[in-house]
Amino acid sequence: MFLDQKPIEGWPIAFGGLGKGKITSIGKIGIPSLASIDNVLYVERLKYNLLSLSQFCDSSYIVSFNKD
């Protein structure tokens, strides 16, 4: 999923359900030659992708929802 990824000296974070993890890298995710999102943090032990809609909008993406 990551197109590129750089290790960083991360900091510990807490997430729902009393889980804890540490940010270990930063990078870019996306589909080569189509679209990508920069400055994505990788959190060890986090089992879900958490994407911010405001970050998409700030990056000039159009966000829409429908029932399909």
Side-chain angles (χ1 to χ4, degrees):
M1 176 176 264
F2 275 89
L3 299 174
D4 73 25
Q5 193 173 8
K6 298 176 190 171
I8 61 171
E9 281 293 323
W11 52 93
I13 62 166
F15 38 87
L18 302 175
K20 294 182 181 179
K22 183 178 179 183
I23 297 171
T24 59
S25 61
I26 187 168
K28 180 191 303 189
I29 62 170
I31 301 169
S33 76
L34 286 179
S36 64
I37 304 168
D38 296 325
N39 299 319
V40 176
L41 300 173
Y42 178 80
V43 179
E44 67 183 14
R45 299 185 57 220
L46 187 61
K47 297 179 182 179
Y48 303 97
N49 294 322
L50 303 176
L51 300 173
S52 167
L53 294 179
S54 64
Q55 286 179 312
F56 282 112
C57 294
D58 291 345
S59 298
S60 300
Y61 287 100
I62 296 171
V63 178
S64 66
F65 297 93
N66 60 48
K67 65 180 184 173
D68 298 323

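The chain is numbered in sequence order, starting from 1.
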Give, for atom [atom1] of [X] and atom [atom2] of [Y], the distance between the pair rounded to the nearest 0.5 Å.
| X | Y | atom1 | atom2 | answer |
| --- | --- | --- | --- | --- |
| Lys28 | Asp38 | NZ | CG | 5.0 Å |
| Leu53 | Asp58 | CG | CG | 11.0 Å |
| Thr24 | Arg45 | OG1 | CZ | 12.5 Å |
| Gln5 | Leu41 | CD | CG | 10.5 Å |
| Asp4 | Ile29 | CG | CD1 | 11.0 Å |

At their closest point, which heavy atom of [X] faces which heavy atom of [Y], and how far apart are they?
| X | Y | result |
| --- | --- | --- |
| Gly21 | Phe15 | N-CE2, 3.5 Å |
| Val63 | Cys57 | CG2-SG, 4.0 Å |
| Pro7 | Ser25 | CA-CB, 3.9 Å |

Notebook entry, point to check: Other than Leu34, what residues sit in its cluster of Ile, Leu, Val, Met, Phe, Trp and Tyr side chains whose heavy atoms are under 4.5 Å apart, directly or through others?
Noted result: Ile31
Note to self: For residues Phe65 and Tyr61: do they belong to one hydrophobic cluster (side chain heavy atoms under 4.5 Å, members Ile, Leu, Val, Met, Phe, Trp, Tyr)?
What the structure shows: yes
Item checked: Verify same cluster id: Leu3, Ile8 (apolar side-chain graph, 4.5 Å) -> no
